[in-house]
> 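Supplied in structure tokens, the structure appears directly below.
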Amino acid sequence: MDNLSDALKKLKITATDSTADSLEGCLDCLLQALAQNKFMRNPCVDAGLIPPLVQMLNCKDQEVLLQTGRALGNICYDSHEGRNAVDHAGGAHIVVDLIRSLCSKTDPASEKLLTVFCGMLMNYSNENDTLQSQLINMGVIPTLVKLLGIHCQNAALTEMCLVAFGNLAELESSKEQFAYTNIAEELVKLFKKQVEHDKKEMIFEVLAPLAENDVIKLQLVEAGLVECLLEVVQKTVDSDKEDDVAELKTASDLMVLLLLGDESMQKLFEGGRGSVFQRVLSWIPSNSHQLQLAGALAIANFARNDGNCIHMVDNGIVQKLMDLLDRHVEDGNVTVQHAALSALRNLAIPVVNKAKMLSAGVAEAVLKFLRSEMPPVQFKLLGTLRMLIDAQAEAAEQLGKNAKLVERLVEWCEAKDHAGVMGESNRLLSALIRHSKSKDVIRTIVQSGGIKHLVTMATSEHVIMQNEALVALALIAALELVTAEKDLENAQLVQILHRLLSDDRSAPEIKYNSMVLVCALIGSESLQKEVQNMAFLEVVSKLRSHENKTVAQQASLTEQRLAVES
């Protein structure tokens, strides 16, 4: 402690008046004290040591610069006070300028200095968004990328650059700056040289956050990252080694991430003839759960436009996905189930694919997961079925008469802990009626207790769901009013319709379909009484002057109908 006090005094007297040798001695003493005791960092700040230390960064002596960089890096390490003091003294700015001026020098002494300065900046900004943003605004990213390109043979400096990139790449603002550099090219070039698992992992940790940016996704694809990833997969797929298993997961996950960008995905799809697309297809029948998962997720990502979906269905992808699901029915891998169902759901969106997928047996394959207790699987199962039956009357009728399915839907309509599952269950119930227009389907839904859920759905905060519910309820009233009458009464449908028509915030289509439904309900004596008691005529007559012509016309028709019945 005495040595440290002595060093502090000497350094504080003034950094510029001392000789390089005496400064080195003081810095050695300081570094030793800091190395022996991490609690010395705050006393250094309290003693006012940071400003003279930062001043010493203007010294021309390389050894003094080296020791100063180390001392500042040490003081910043895991110390909020240390970082603040360096920030206030302008230390980061000087270090960034020093890195910039030394960047092109490849002599050992300069590379050593660069390594220390990069390490200092890493300690300075680690897990601190404000200081990371400050460095980004100083333009440190292009400098570090240039550094990586020039000094890629220097392992220590390269490693320090990668850690710095890893720190900065999490910030959104950094990705925009990275996108204007050749980082993709440099990282891929570096990755190709790596043999050791740790070094590859380090590059992966930088690639993952960067690949969240669509511009960088495309740059990485164009720089040849995909080929590197496929090679990693090929080398590690049959290995049980922990490192290989980790590499396989990281590489395949990163591959899926690259496919989330529209341009990068389309480039790799190459009209369905691309070698990358073909390789990914081969992952689906693999024995590795990780590859099955990545393969199914990749197909779901490729299936983001109609052209790709149509091509894939025409070329037999559906059977591959159904075979994969078959392998995971009993005690299967939930993430694989979820991914395969996601892919099937996306593939079912184009109109021309629906009938093909239904005749291939997709609905039956999906129904095997009706017993699943996992909300993510339930959610995708519901979405897939809903996409499949869109405008497919026969399939909608067949599924709508399936009592087990309808009972499960009614059960899931009450899954208040899982809003997604609850919403999709309601939408599928409505879709079964809307697309089948079948009395048998309506009777099955009534018997299973589904009517109250459709009535509740009419009060949803989402207009599309409200509308779907009202159309389904209008079909129920038109086709099976006697069967559903009691349930509609108990669910207080008439009161809800009165509220929807009175509410100025209700969308025009909601008002229109509510009036259509009111007209249909008049066919029931008990419901007609409710309509008369709630003074609907008054509300409807106001809507005759509605700005939407369709609503105004329907209001006139509804008013006439109500007047006749009263």
Side-chain angles (χ1 to χ4, degrees), residues 382 386 389-391 393 396 400 406 409-410 413 422-439 441-443 445-446 448-524 526-528 530-531 534 536-537 539-540 542-544 546 548-559 561-562:
L382 293 163
R386 189 167 62 79
I389 64 165
D390 190 6
V406 174
L409 292 184
V410 170
C413 281
M422 192 163 77
E424 276 293 347
S425 301
N426 278 303
R427 293 190 76 187
L428 183 52
L429 262 188
S430 157
L432 291 169
I433 294 168
R434 288 182 297 109
H435 298 303
S436 71
K437 299 179 176 62
S438 156
K439 292 186 170 198
V441 170
I442 293 169
R443 281 195 285 268
I445 289 171
V446 171
S448 301
I451 296 297
K452 63 180 179 185
H453 297 299
L454 290 171
V455 175
T456 304
M457 184 182 168
T459 64
S460 166
E461 59 190 13
H462 305 291
V463 173
I464 191 166
M465 286 178 69
Q466 279 186 292
N467 220 29
E468 287 171 359
L470 291 168
V471 172
L473 288 164
L475 282 165
I476 291 168
L479 298 170
E480 275 294 326
L481 185 54
V482 176
T483 313
E485 184 179 53
K486 205 75 201 151
D487 286 354
L488 294 171
E489 264 184 77
N490 292 339
Q492 299 189 312
L493 174 61
V494 173
Q495 290 88 326
I496 285 168
L497 291 174
H498 190 276
R499 204 161 67 232
L500 289 174
L501 289 170
S502 308
D503 190 344
D504 293 337
R505 293 166 301 175
S506 293
E509 59 267 41
I510 300 304
K511 290 191 184 294
Y512 173 85
N513 282 320
S514 294
M515 288 187 281
V516 169
L517 183 48
V518 168
C519 291
L521 293 178
I522 291 169
S524 153
S526 58
L527 290 167
Q528 185 192 350
E530 283 191 24
V531 169
M534 299 256 341
F536 265 81
L537 260 171
V539 181
V540 170
K542 282 182 189 170
L543 292 174
R544 279 169 49 203
H546 196 277
N548 184 294
K549 282 183 182 173
T550 315
V551 171
Q553 283 169 355
Q554 185 59 41
S556 295
L557 290 171
T558 306
E559 188 180 37
R561 185 77 197 276
L562 290 173

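Side chains are part of it too, since the values below use all heavy atoms of this structure and drop only hydrogens, waters and symmetry mates.
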> What I'd like to find out is whether the side chain of His453 reaches to under 4.5 Å of the side chain of Met457, using heavy atoms alone.
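The answer is no; the side chains never approach within 4.5 Å.
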> Give a yes or no answer on whether the side chain of Asn513 reaches the backbone of Glu509 with a donor-acceptor pair at less than 3.5 Å.
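Yes; judged by distance alone, with no hydrogens or angles, the pair exists.
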> Determine yes or no for a side-chain-to-main-chain donor-acceptor pair under 3.5 angstrom, with His435 supplying the side chain and Ala393 the backbone.
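No, because the side chain of His435 does not come within donor-acceptor range (under 3.5 Å) of the backbone of Ala393.
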> Mark yes or no for whether Lys486, through its side chain, and Thr483, through its backbone, hold a donor-acceptor pair below 3.5 Å.
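Answer holds: no.
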> Is a side-chain N or O of Gln466 found less than 3.5 angstrom from the main chain of Thr459, in a donor-acceptor match?
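It does not hold such a pair.
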> Starting from the C-alpha separation in whole Å, work towards a yes-or-no answer on side-chain contact (heavy atoms from CB on, under 4.5 Å) for Lys511 and Leu543.
CA-CA 9 Å; Lys511 290 191 184 294; Leu543 292 174; 3.7 Å; yes
> Please report the C-alpha distance between Ile476 and Ile445 in whole Å, then the side-chain angles of each, then the deciding distance to 0.1 Å, and finally whether the side-chain contact (heavy atoms from CB on, under 4.5 Å) criterion is met.
CA-CA 10 Å; Ile476 291 168; Ile445 289 171; 5.7 Å; no
> Under a 4.5 Å cut-off applied to non-hydrogen side-chain atoms, are Gln492 and Val455 in contact?
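Side chain of Gln492 against side chain of Val455, heavy atoms only: no contact under 4.5 Å found.
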> If you measure from CE on Met422 to CZ on Arg427, what distance do you get to the nearest 0.5 Å?
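If we round to the nearest 0.5 Å, Met422:CE and Arg427:CZ are 13.5 Å apart.
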> Between Ser448 and Val406, is there a donor-acceptor pair closer than 3.5 Å when you use the side chain of the first and the backbone of the second?
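Judged by distance alone, no pair lies under 3.5 Å.
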> With sequence neighbours left out, write down each residue that passes salt bridge (Lys or Arg N to Asp or Glu O under 4.0 Å) with Arg499, or none if nothing qualifies.
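Partners of Arg499 by the salt bridge (Lys or Arg N to Asp or Glu O under 4.0 Å) criterion come out as none, since no residue qualifies.
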> Taking the side chain as everything from C-beta on, heavy atoms only, tell me whether Leu517 gets closer than 4.5 Å to Leu493.
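The answer is yes, as the side chains (C-beta and beyond) meet within the 4.5 Å cut-off.
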> Does the side chain of Val551 come within less than 4.5 Å of Met515's, by heavy atoms?
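Result yes, sub-4.5 Å side-chain heavy-atom pair found.
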> Please check if the side chain of His546 supplies one atom and the backbone of Asn548 the other of a donor-acceptor pair under 3.5 Å.
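Looks like yes, one N/O pair under 3.5 Å.
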> Compare every heavy atom of Ala552 with every heavy atom of Arg544, then report the nearest pair and how far apart it is.
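Of all heavy-atom pairs spanning Arg544 and Ala552, the closest is O-CB, 3.3 Å.
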> Write down the atom of Glu468, the atom of Ser430, and the distance for their closest heavy-atom approach.
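Heavy-atom minimum between the residues: O-OG, 2.9 Å.
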> Do the non-hydrogen side-chain atoms of Val518 and Arg561 ever get within less than 4.5 Å of each other?
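A side-chain contact is absent here, since even the closest heavy-atom pair is not under 4.5 Å.
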> Taking side chain as C-beta onward, heavy atoms only, is Ser506 less than 4.5 Å from Leu501?
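Answer no - side chains too far apart.
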> Where do Asn426 and Cys413 come nearest, in terms of heavy atoms and distance?
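So the two residues come closest at OD1-SG, 3.4 Å.
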> Grab the two heavy atoms, one from Ala458 and one from Ala469, that are nearest each other, plus how far apart they are.
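For Ala458 versus Ala469, the nearest heavy atoms are N-CB, 3.6 Å.
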> Calculate, to the nearest 0.5 Å, the distance between atoms CD1 and OG belonging to Ile442 and Ser436 respectively.
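Going from the CD1 atom of Ile442 to the OG atom of Ser436 covers 6.5 Å.
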> If you measure from CG on Leu521 to CG on Leu481, what distance do you get to the nearest 0.5 Å?
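So the gap between those two atoms works out to 6.5 Å.
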> Not counting sequence neighbours, which residues clear salt bridge (Lys or Arg N to Asp or Glu O under 4.0 Å) with Glu530? List them please.
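Scan of Glu530 (salt bridge (Lys or Arg N to Asp or Glu O under 4.0 Å), adjacent residues dropped) gives none.
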> With Tyr512, which residues qualify under ring-ring contact (aromatic ring centres under 6.0 Å, His included), at least two apart?
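ring-ring contact (aromatic ring centres under 6.0 Å, His included) list for Tyr512, sorted by chain: empty.
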> Rounded to the nearest 0.5 Å, how far apart are CD1 of Ile522 and OG1 of Thr558?
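Interatomic distance, Ile522 CD1 to Thr558 OG1, rounded to 0.5 Å: 8.0 Å.
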> Hey, does Ile433 have a side-chain heavy atom less than 4.5 Å from the side chain of Val471?
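Not in contact.
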> Give the minimum heavy-atom separation between Ser514 and Leu500, together with the two atoms involved.
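For Ser514 and Leu500, the tightest heavy-atom pair comes out as OG-CD1, 3.8 Å.
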> Indicate yes or no for a side-chain donor-acceptor contact from Asp390 to the backbone of Arg386 under 3.5 Å, with no hydrogens or angles considered.
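Between the backbone of Arg386 and the side chain of Asp390 there is no qualifying donor-acceptor contact (under 3.5 Å).
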> Write down the atom of Val410, the atom of Leu429, and the distance for their closest heavy-atom approach.
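Shortest heavy-atom contact: CG2-CD1, 4.5 Å.
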> How far does CG of Leu475 sit from NZ of Lys437, to the nearest 0.5 angstrom?
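Between atom CG of Leu475 and atom NZ of Lys437 there are 6.0 Å.
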> Between Thr456 and Lys452, is there a donor-acceptor pair closer than 3.5 Å when you use the side chain of the first and the backbone of the second?
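Side chain of Thr456 to backbone of Lys452: a pair is present.
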> Does the side chain of Leu488 reach to within under 4.5 Å of the side chain of Leu473, using non-hydrogen atoms?
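Yes, close enough: below the 4.5 Å cut-off.
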